[in-house]
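Down below is the structure, laid out as C-alpha cells.
We name chains A, B, ... by the order of the sequence lines, and we start the count at 1 in each one. Everything numeric here is computed off the predicted structure, so don't read it as measured data.
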2 protein chains.
Amino acid sequence: MAVDGTAGRVTRRRLRTRANLLEAAFTVFAGKGFGHVSIEEVCEAAGYTRGAFYSNFTGLDELFFALYTERAELIAEQVSGAFALDGPDLDVTAAVDRVTDVLLLDHDWLLVKTDFLVHAARDPEVARGLLEHRARLRRTIADRLARSHDHTALPAVLGGAEGAAHAVVAAYDGVTVQLLLDRDVARARAWLKQLLTALLTG
Amino acid sequence: MAVDGTAGRVTRRRLRTRANLLEAAFTVFAGKGFGHVSIEEVCEAAGYTRGAFYSNFTGLDELFFALYTERAELIAEQVSGAFALDGPDLDVTAAVDRVTDVLLLDHDWLLVKTDFLVHAARDPEVARGLLEHRARLRRTIADRLARSHDHTALPAVLGGAEGAAHAVVAAYDGVTVQLLLDRDVARARAWLKQLLTALLTG
DNA sequence: CGTATCCGATACACCGATGTATCGAACAGG
DNA sequence: CCTGTTCGATACATCGGTGTATCGGATACG
C-alpha cells in the first residue's frame, strides 16, 4: 500500500525514507527532467532500492505531484509574507523591492516547476489544481494591492487590483523563461523589478 | 547516414517522409510530451517503421530540434510581419492590435514550445541557440518600436526600445503559461493586449 | 527501358526498466 | 527482552524500446 489515511503505526523510519526519496527526486528531476527519469535512478540517488519506492509511492507521477506541491506551497508563503509585512496601507514600491529580493529564483526549482507546468498542461485534472493554486496566490496579491494608499497609482488598463495581480504573476512567469535560459539571477531580479514597477506604477 | 551536406541525389521521396515524420512527431510530442515519447510511437503515427526514422535522423533529439526550429522560424516571421506593416512611423496601439490578432496561440504549439524550453534550459548548447533566436526577435521589435512617432510614449522605467522589446517578450511568455493551463485563447488574446498596452503606453 | 543507387521495411540481439512476490531485518509496544 | 507488525531489500518474470545489419523494392537518370 502506498497512501493510506489509516496510519496503522506512526512509523518513524518511513517518514525519513519518504523525505529522502523526495529530496533525491528533486535533484534527479532537475538534472534530467521528469520525462527522462526512471524510478531506479531516483532510488539510487536516495540510496534505496525499488522496494522502498513502491512501498511509498504508486509511481513517478504521484511522487512528482507530492514533490511539487510541497515546494510550491513553501514559495507561495514566501511571496505572501513579502506582501504582508506592511501595515494597513501598502507601499507598492517597497513591496516590489521586498518581493524581488525574497523571491526564490533557483534554477533547479524553475526547471522542476516548468516541468510540472507542461505536465499539468496535458492533464486537465492536474491543471485544475495548479490553476487553483495560482488563483489563490493572485487573490492574496490582489488583496494587498487593494490596500495601496493611492489607488489611482494602479494603471487603469489592467482593470483594478485583480488585473494588477494577474500582471504580477505574468511578469514573474515571463522572467522565469528568460532566467531558465541565461541563468543570470541578478539580471533577472533587476529585470523583474523593472517590469513590476512599470506595471504597477504606470 | 542521417545528415549530409553532400546530397548525392535530390531524392524526392526522402523529403516527403522526413516531412511526414516531423508532422507526426509534432502531434505525438504535443500529446505526450517529448520525454515520454518513443521513436516507435513517432514512426507508427507517421506510418513508417524505425528503418525510415534512423535513415533520416540520428535520434529523437535531432528530430525535436529540427521540428522546433522549423516552426519557431515561422512564428518569428509572423510577429515581424505584424510589426513591419507600418509606414516609417509606428503606431504603437495599432501594432499591438495586429500582433495580438495574428499571434499563433495554438495549445499544441505552446506545449511543444515549452517542452523545448525546458530541454534547452538543461543543455547550454541548445540554450545558446534559443537565446540567440529570442535576441533576434527582440531586436526586430526594438527596431520597430524605436520608430514610434512619439518616443516619450515608451515608459522610461523599461529603458528605451530595447527594454520595451524585452518586456513584450516577457508578456508573451507570461500569457503563454496561463494559456497552457486554462486553454482560453480568447481570454489570452485580450489579456495580452491589456498587458502590452499597459507596458508600452504606460 | 535498363540499371545503379537510394530508401525504408524486416529481423535480430540487447539491454534497461517495470511491477510483483517473497523474505529477512528493523522497530514500536508491552 | 520479546513479539507481532511494518518496512524495505532481493529475486524473478516480463515487456518495450533501442540500434544495427541486411534485403527487396522504389526511384532518378541515361
DNA chain C contacts made by residues 24-35 of chain B, counting heavy atoms under 4.0 Å
none

Nearest to the side chain of [X], which nucleotide is it out of [options]?
| X | options | result |
| --- | --- | --- |
| B:R13 | C:dC6, D:dT20, C:dA28 | C:dC6 |
| A:A52 | D:dC7, D:dG8, C:dT18 | D:dG8 |
| B:E40 | D:dG17, C:dA28, D:dG19 | D:dG17 |
| A:N56 | D:dG8, C:dA11, C:dA9 | D:dG8 |
| B:R12 | D:dG17, D:dA28, D:dT20 | D:dA28 |
| B:R50 | C:dG8, D:dG19, C:dA17 | D:dG19 |
| A:S38 | C:dA17, C:dG19, D:dC7 | C:dA17 |

Base, sugar-phosphate alone, or nothing: which one does A:T49 contact when heavy atoms must sit under 4.0 Å apart?
base

Sugar-phosphate, base or nothing in reach of B:F53, heavy atoms under 4.0 Å:
nothing

Centroid-centroid under 6.0 Å between B:F64 and B:Y68 rings:
no

Distance flag, aromatic centroids of A:F65 and A:H119, threshold under 6.0 Å
no

The reported gap from CG in A:L192 to CG in A:L179 (rounded to nearest 0.5 angstrom) is 10.0 Å

Taking atom OG1 of B:T114 and atom CG of B:D173, what is their separation to the nearest 0.5 Å?
9.0 Å

The complete set of salt bridge (Lys or Arg N to Asp or Glu O under 4.0 Å) pairs with one or both residues in residues 184-202 of chain B, sequence neighbours excluded, reads B:D97-B:K193, B:D184-B:R187

May I ask you to evaluate whether A:T11 reaches the phosphate of C:dC27, defined as a side-chain N or O under 4.0 Å from OP1 or OP2?
no

B:Y48: partners by ring-ring contact (aromatic ring centres under 6.0 Å, His included), with sequence neighbours left out:
none

